Amino acid sequence: MSSLYDQIYAVIARIPSGCVATYGQIALALGMPNGARTVGWAMRHCPKGLPWHRIVNAQGKSSLSAEGRDLQRALLADEGVHMDLEGRVDLKRYRWQEV
DNA sequence: TGCGTGACTTGAC
DNA sequence: CGTCAAGCCACGC
């Protein structure tokens with residue numbers, strides 16, 4: 001089942017621990033430079049086992065609500081990624097660089 | 001088939 | 001740095 005969703009999930013699953021990626025970056029990896037919204041739409045399904053906490057918007061901020069943001073912050077902190085109380089991370093430092 | 005919606009992005013004020 | 005608007009893609013009804 002190589003649906004578009006599976007492709008998105010596969011890319012997200014490829015994100016190494018201790019790093020974060022933006023929706024646009026994932027979309028770009030799939031060949032959709034402007035498909036960031038599609039990625040977010042897919043993320044809405046939140047499959048189990050998916051490191052969704054490594055996904056942030058282009059501003060390096062969590063697009064989730066306060067609750068999700070708090071959980072994301074905890075998960076990232078566990079991976080060594082420091083996230084501000086505002087849900088903001090240093091993309092210049094933690095942004096996932098495709099290899 | 002067509003419109004509305006959404007965990008987005010970028011540029012402009 | 002904050003907010004507003006337009007553009008973009010895929011899916012549900």
Side-chain angles (χ1 to χ4, degrees):
Chain A
M1 301 180 23
S2 304
S3 310
L4 178 58
Y5 279 19
D6 294 327
Q7 302 265 336
I8 296 172
Y9 300 145
V11 174
I12 295 169
R14 262 164 60 187
I15 302 173
S17 177
C19 293
V20 297
T22 67
Y23 297 89
Q25 172 140 25
I26 296 166
L28 187 65
L30 294 172
M32 295 185 277
N34 294 15
R37 301 194 71 174
T38 307
V39 177
W41 207 93
M43 291 301 294
R44 215 173 81 131
H45 290 243
C46 284
K48 193 176 182 179
L50 191 73
W52 56 271
H53 56 273
R54 293 179 191 156
I55 311 299
V56 295
N57 58 25
Q59 296 178 28
K61 271 195 150 186
S62 177
S63 305
L64 304 169
S65 303
E67 297 181 24
R69 190 194 317 154
D70 182 59
L71 178 59
Q72 180 176 30
R73 184 167 68 81
L75 291 168
L76 286 176
D78 187 57
E79 296 186 350
V81 179
H82 178 71
M83 176 180 268
D84 292 355
L85 296 175
E86 296 181 6
R88 188 168 70 198
V89 300
D90 191 341
L91 281 178
K92 300 188 310 258
R93 183 172 158 159
Y94 300 112
R95 195 174 193 253
W96 172 44
Q97 297 174 76
E98 298 180 64
V99 273

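Scope of the values below: all heavy atoms of this structure, side chains included, with no hydrogens, waters or symmetry mates. Note on naming: letters A, B, ... go to the chains in the order of the sequence lines (proteins, then strands), and numbering restarts at 1 for each one. As the structure is a prediction and not an experimental result, all values here were calculated from the model.
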What residue pairs, at least two apart or across chains, pass side chain to side chain donor-acceptor pair (under 3.5 Å) with a residue in residues 83-94 of chain A?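 Qualifying pairs: none.
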Do any pairs count as a side chain to side chain donor-acceptor pair (under 3.5 Å) and have a residue in residues 73-82 of chain A, sequence neighbours left out, and if so which ones?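 For residues 73-82 of chain A, and leaving out neighbouring residues, the side chain to side chain donor-acceptor pair (under 3.5 Å) pairs sorted by first residue read A/His53-A/Glu79, A/Arg54-A/Glu79.
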Base, sugar-phosphate alone, or nothing: which one does A/Met43 contact when heavy atoms must sit under 4.0 Å apart?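 Base, at least one base heavy atom under 4.0 Å.
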For A/Glu98, look at atom CD and say whether over 12 heavy atoms of other residues, nucleotides or ligands are found less than 6.0 Å away.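 Yes, because the 6.0 Å sphere around CD of A/Glu98 holds more than 12 heavy atoms from other groups.
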Defining pairs by Watson-Crick or G-U wobble geometry with both distances under 3.5 Å, how would you list the stems of DNA chain B with at least three pairs each? B:2-6 with C:9-13, B:8-13 with C:2-7
In terms of the nearest nucleotide of DNA chain C, which residue is placed more toward the 5' end: A/Asn34 or A/Tyr5? A/Asn34
Acceptor/donor pairs from residues 34-47 of chain A side chains to any protein atom, 3.5 angstrom cut, sequence neighbours excluded:
none

Show every donor-acceptor pair shorter than 3.5 Å between a side-chain atom in residues 57-64 of chain A and any protein atom, with sequence neighbours excluded, or say none if there are none.
unit_1  : atom_1 : unit_2  : atom_2 : d
A/Asn57 : OD1    : A/Gln59 : N      : 3.0
A/Asn57 : OD1    : A/Gly60 : N      : 3.2
A/Asn57 : OD1    : A/Lys61 : N      : 2.8
A/Asn57 : ND2    : A/Lys61 : O      : 3.2
A/Asn57 : ND2    : A/Ser63 : OG     : 3.3
A/Ser62 : OG     : A/Leu64 : N      : 3.3
A/Ser62 : OG     : A/Gln72 : OE1    : 2.5

Atom pair distance, as rounded to whole Å: CE in A/Met32 and P in C/dC9: 9 Å
Given C/dA10, B/dA7, B/dG6, the nucleotide with the shortest approach to the side chain of A/Arg37: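 Among the listed nucleotides, the one closest to the side chain of A/Arg37 is B/dG6.
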What residues from residues 76-99 of chain A pass a heavy-atom cutoff of under 4.0 Å to DNA chain B?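 When residues 76-99 of chain A is checked for heavy atoms under 4.0 Å from DNA chain B, there are no hits whatsoever.
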Polar atoms only, N or O, under 3.5 Å: list the protein pairs with nucleotides 9-13 of chain B and their distances.
unit_1 : atom_1 : unit_2  : atom_2 : d
B/dT9  : OP1    : A/Gly24 : N      : 3.4
B/dT9  : OP1    : A/Ala58 : N      : 3.0
B/dT9  : OP2    : A/Ala58 : N      : 2.7

May I have the list of side-chain donor-acceptor pairs in residues 11-24 of chain A shorter than 3.5 Å, sequence neighbours left out?
unit_1  : atom_1 : unit_2  : atom_2 : d
A/Thr22 : OG1    : A/Gln25 : N      : 3.1

